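Structure first, commentary second.
Both counts, for ligands and for their atoms, begin at 1 and track the order of listing. The residues of the chain are indexed from 1 along the displayed sequence. A quick note: this is a predicted structure, and the numbers were derived from the prediction, not measured.
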Amino acid sequence: MPVLFYTLFLLFSWSLCTTAGAVTGAFIIELADGFSLQSFHDNAKDLKYTIRHTFDKPGIFVGLSVTLSERDSPSDQEERLASIPGVNTVSQVVQYEVPVEPVKQVSSLDHQVARSLMKRQDDPGNFDFTLAMGGVDKLHEVNIKGNGIKVGFVDTGIDYNHPALGAGYGPGKKIAGGYTFIADDGTLVEGPDPFANCSEAHHATHVAGIVGMEPLEFPEGFPITGVAPEASLYVYRVFSCQSPGNGGRGGTNEMIMKAMMKALDDQVDILSMSLSLNDGQVSPIPKSDPVAGIAQKLHDAGIAVSVAMGNTGSPNAYSHELHTQTLPSELSTVISVGSIANIRFPLVYSNTDSSGAELHYASIWPINRPDGLDVYVIEGDGCDSSAWENAVNFVQANGTLNNTIIVYQTTDSCRPQEAPCCRETAAPPYILAADGNNTNVYNMDYESPLPDRFNDGATKAYTMIPPDSVTLLSNYQAAGGFGNYKLFFSSNNTLHPKQRVGGEPDWFTSYGPIWHTYELKPQISAPGGHILSTFPLPLGGYGIISGTSMATPYIAGCYALVKSRFPTLSVDEILVLLQTTASPVTWPYNEAMLATTAQQGAGLVNAYDAIMAQSRVSPGQLVVSDNNRTTFGVVNFTVENRGDSTQTYTLGHRGAGFINDLLNFMEMVQRPVYGSADFPTPTFDLAPGAATQIFATVIPPAEADAQKRPIFGGYIDIVPATGANLSIPYSGPAFSPFNTDYITYIPADANGERGQPAIYFVNDTNGERFYDIGFVEVNRTAQYGSLLNRIQWTTLWRVDILPANTTIPAHRYGANITVPGDYVYEGSADPLAARLFSYTSYGNLFTRTGLEDPGTRVFPSGSGFTVTDDAGQQRTLGPGDYRWYFSVLRMGGDPGQLGDYDSWLGPIIRFT
Ligand SMILES: *[C@@H]1O[C@H](CO)[C@@H](O)[C@H](O)[C@H]1NC(C)=O
Ligand SMILES: *[C@@H]1O[C@H](CO)[C@@H](O)[C@H](O)[C@H]1NC(C)=O
Ligand SMILES: *[C@@H]1O[C@H](CO)[C@@H](O)[C@H](O)[C@H]1NC(C)=O
Ligand SMILES: *[C@@H]1O[C@H](CO)[C@@H](O)[C@H](O)[C@H]1NC(C)=O
Ligand SMILES: *[C@@H]1O[C@H](CO)[C@@H](O)[C@H](O)[C@H]1NC(C)=O
Ligand SMILES: *[C@@H]1O[C@H](CO)[C@@H](O)[C@H](O)[C@H]1NC(C)=O
Ligand SMILES: *[C@@H]1O[C@H](CO)[C@@H](O)[C@H](O)[C@H]1NC(C)=O
Ligand SMILES: *[C@@H]1O[C@H](CO)[C@@H](O)[C@H](O)[C@H]1NC(C)=O
């Protein structure tokens, strides 16, 4: 965990935001073994607090959460609580949200893809396409449907009256159990009934449908099935009907802990948590979150937890994306899930216009107006609110508002759901977003605004894309505009056209891997973009929404299928099966390249192969990095032949997108720069029942520049002569973290360019800085400063003051440009009371320990060098000649070994 990085953000966030991140003055306290809640109250007598929640589950979590009345800084409050006898850990109360698709922020730097007006295939087939993406349809054919498995959800309330969800609640029903920790209005009322059918309850109703919905026939519903329709579902409600950001929203980590404990009591097999800290925002991230401890307990109890990776990606090929994982998806004990766009848009209907053209529009339910609707097209920008007002007022004055469909044009910067309809006017019943000139691949598919997005549902929004939207706009013009052009709606046939980015990562899906450990997150992906599932009945019963929220229950469902087939496999073993049989997918901005493993993990899940594969491979993911000081990229994995005949295996490697953490301007975030793999035995045979361990070396791409902290990744393929192909995803630094430079080093030159690292002093007379590029003579009380730039993670860095004639070796040396020709060393009278390794030193000027990220900017400065010697004595150095020794411990290095540091011996400083 990048602990310090988190701390810095916390301090920053304190003044800025209390509702979206940490909850002001609220803490979760875990008590040590043997301490009771009463003992806490007795010991905390002189503290003013109110109790928020209590936890009394010995072996899992005993403690409470409180709100403190005094308004100290959070770190002071934390310290006060931590000092109370019996208090084991103190953590801030933080707010989680459900990560559904945020509004697209498309910048002008978008990668433009030539627009094709080719008609997409309108496929009237069945509704199995989303299940087919993950091989689930084939499992349903052989009756593997999750029977006997319990899937839990920590989410909003749910509308369990929905006929596709079994129309009921309780033992024996599809929604077999659950609990609520909050009421619709946000009051903290606990009880056994998680029902809600408000607009905010669409989330749980949708994710539960992805796992468990039953097919219905039109017009009651749609013939669409969940991933594990025979599983029993348990819904633990932690969000109210208040909208995100409201005080009564719920979703704090305390409530999530309680929900997870309930799931433990109910002995669910997998808990699906489509939620993330602060809706995927990286800041503020708490130092620790007790949810992690509970997740570990669930894992130990054999309960898997699938978690949404988060939705902080952007529809832009040039923006920085790496390492945006957050809690709880970054926990090693949970399965974090990325999102892949649905292969088809789930619901499109056809209609005709008064010029005889056949058009198509996206909608949940078909429009039934065989008599036709007049068309009014808003000229220009579909997000212009005065244009909207004028249009609606005009049509209303015309007396035809109920018989008119208002068409607005969308662009990369005006998406269908952003239309400002209609604050100051009557609510038009029908509005249609006609895709205008979108050039970003991620803006070329149909969209589906939420059913109550406009005027609380009084206005229904539909979308249309080229070529139909272009045809509509030109036929409207040709016919003479409003009053002369109509659209006729009579077809109820559902179509499912292919999506432009179908089967590829969704734009919003957040990137890992975990910073500095390179642990792969997300671990696997599933369909999550444009997913049709159940909605609360008052909202129409169905909805199409997008998010890693939607991919997460899909993986929970796949897990349930595997678990139902192999009940004795552990959480980790099932994850390995899912990962090694998943299929890597390509990146929409470069379809010749597999998307980075940092975005898709193992790739698109294939539950059929996970269950049916006759070969097993383990582990499910690899970190490729230093093995030790001299070796990089040696990995091992096992291959097991579970079939009944000898199998020949061929090993291979596929590279995936390469990413520089420090991107240049207009550098594409993912690039086809690949490593390679060396296999001592590229093909081998295994007898039935036999297993073998394979060692391989993964070599990073030569092009990598360690100073940009590049991440590379790919897949090690294990291809049996018969049966499903297996692969192991990996990610890692494209350089040796131990052997790279930790210090930015730029040589100084005689023209006065100071270079880096640099030490400067401030001229007393004119206040100007002057840099030491070899030798300076300066009053020992002068102000000094430094520029010591670290570019990698470290756990220790320091500055020591040595005599200028030291013989200590360094990786780099300061310039000696200004050393006078007749320079003679002048020793200091101060004692050499410290040792730096075996070299004498005056003492330490500055030390930082603990994990520090490369961006931590701390530059030692002051007036006079006050050092600490080995006896702990502080001393301000007098006249004499000194040098700085700046050393940064390499990752994996031993603090006691000089050779394990990157180091710089500075120029001469003569104090007078
Ligand atoms: C409505 O608009 C049409 C087309 O502009 C026009 O022909 C018609 O007279 C208008 N009707 C009313 C009642 O304003
Ligand atoms: C338009 O339709 C709405 C909803 O059906 C109805 O309440 C309203 O009276 C209608 N208005 C007119 C002018 O027909
Ligand atoms: C789309 O582009 C065409 C041609 O460049 C232009 O005439 C039209 O106004 C544009 N439409 C929108 C909605 O921007
Ligand atoms: C479409 O469905 C609606 C609602 O069930 C029904 O009223 C209408 O007759 C159907 N239209 C056709 C063409 O089947
Ligand atoms: C470094 O790791 C490699 C691969 O695990 C191993 O073969 C080698 O012996 C190790 N070297 C040292 C010095 O530990
Ligand atoms: C094999 O790889 C695992 C990590 O996947 C590692 O922990 C283990 O030490 C490796 N085994 C050997 C013998 O190198
Ligand atoms: C400090 O500034 C004064 C006034 O500009 C100048 O004369 C002197 O040389 C400077 N000292 C150093 C050490 O640069
Ligand atoms: C150094 O600066 C201090 C404070 O300005 C002054 O008192 C002292 O005389 C200076 N010493 C020398 C050697 O210039």
Side-chain angles (χ1 to χ4, degrees), residues 124 163 216-223 347-352 358-361 363-373 429-430 460 462 487-495 537 540-542 619 622-638 677-680 693-700 716 730 732-733 736-739 748 752 754 758-785 817-820 823 863 879 881-882 890-894 897 899-900 907-912:
L216 299 174
E217 289 308 318
F218 183 86
E220 195 194 2
F222 296 105
L347 283 172
V348 166
Y349 299 91
S350 57
N351 65 319
T352 53
E358 183 185 329
L359 305 172
H360 306 83
Y361 65 100
S363 172
I364 303 298
W365 299 102
I367 302 174
N368 186 22
R369 290 299 297 257
D371 53 323
L373 291 174
Y430 310 97
K460 297 273 179 270
Y462 308 89
L487 293 178
F488 301 94
F489 299 88
S490 59
S491 171
N492 291 340
N493 295 334
T494 53
L495 303 170
L537 294 172
Y542 288 86
L622 290 164
V623 171
V624 172
S625 185
D626 288 330
N627 299 88
N628 50 45
R629 291 175 175 79
T630 49
T631 308
F632 179 96
V634 175
V635 296
N636 71 81
F637 51 93
T638 58
D678 188 26
F679 303 106
Q693 186 179 25
I694 309 277
F695 282 81
T697 305
V698 180
I699 301 136
I716 291 175
Y730 70 84
S736 160
F738 182 81
N739 292 294
R754 55 180 161 74
I759 303 169
Y760 64 81
F761 294 89
V762 177
N763 186 330
D764 257 359
T765 322
N766 60 10
E768 278 175 13
R769 289 177 178 187
F770 57 99
Y771 284 85
D772 188 351
I773 51 171
F775 177 88
V776 292
E777 188 168 343
V778 61
N779 186 327
R780 65 181 184 272
T781 65
Q783 285 287 327
Y784 72 90
I817 295 163
T818 52
V819 182
Y823 170 74
S863 62
D881 289 0
Y882 304 96
R890 298 171 180 281
M891 286 305 273
D894 169 358
Q897 288 200 30
D900 284 3
I908 301 166
I909 300 157
R910 173 166 292 171
F911 274 166
T912 57

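There is a protein heavy atom closer than 4.0 angstrom to atom 11 (N) of ligand 5. Taking a distance limit of 4.0 Å, we find that atom 2 (O) of ligand 5 is approached by some protein heavy atom.
Shown in contact with N627 at under 4.0 Å from a heavy atom are these atoms of ligand 5, numbered in order with element: 2 (O). Taking a cut-off of under 4.0 Å to the non-hydrogen atoms of F218, the atoms of ligand 4 that pass are 2 (O). Within ligand 5, counting atoms from 1 as listed, the ones closer than 4.0 Å to a heavy atom of T631 are 1 (C), 2 (O), 3 (C). Numbered from 1 in the order shown, with element, the atoms of ligand 4 that lie under 4.0 Å from a heavy atom of S490 read 11 (N), 12 (C), 13 (C).
The protein heavy atom nearest to atom 5 (O) of ligand 7 is N766 ND2, 3.2 Å. When hydrogens are left out, the protein atom nearest atom 8 (C) of ligand 4 is N492 ND2, 3.6 Å; that is the closest non-hydrogen contact. When only non-hydrogen protein atoms are considered, atom 7 (O) of ligand 4 lies nearest to N368 ND2, 3.5 Å. In this structure, atom 13 (C) of ligand 7 lies nearest to the protein heavy atom F770 CZ, 3.9 Å. The nearest protein atom to atom 9 (O) of ligand 7, hydrogens excluded, is given as N763 ND2, 4.7 Å; this is a heavy-atom distance.
Side-chain contact check for Y430 versus R369: some heavy-atom pair is nearer than 4.5 Å. Using a 4.5 Å cut-off on side-chain heavy atoms (C-beta onward), F738 and D900 make contact.
Looking only at distances, a side-chain donor or acceptor of T818 sits under 3.5 Å from a matching main-chain atom of F775. Using modelled atom types, one side-chain atom of Y361 and one backbone atom of I367 make a donor-acceptor pair closer than 3.5 Å. Between the side chain of N351 and the backbone N or O of S491, no donor-acceptor pair lies under 3.5 Å.
Of all the heavy atoms of P219, the ones lying under 4.0 Å from any atom of ligand 4 belong exclusively to the side chain.
Note that the CD1 atom of I817 and the CD1 atom of I773 stand 4.5 Å from one another [nearest 0.5 Å]. One finds the CD1 atom of I909 at 9.5 Å from the CG atom of D881 (value rounded to the nearest 0.5 Å).
Ring-plane geometry between F761 and Y784 is classed as tilted, the angle between the planes lying from 30 to 60 degrees on a 0 to 90 degree scale. Ring pair F222/Y542 is perpendicular by interplanar angle, where above 60° counts as perpendicular and below 30° as parallel.
The shortest N/O to N/O separation between N628 and ligand 5 falls below 3.5 Å. Polar contact check, S491 against ligand 4: no nitrogen or oxygen pair lies under 3.5 Å apart.
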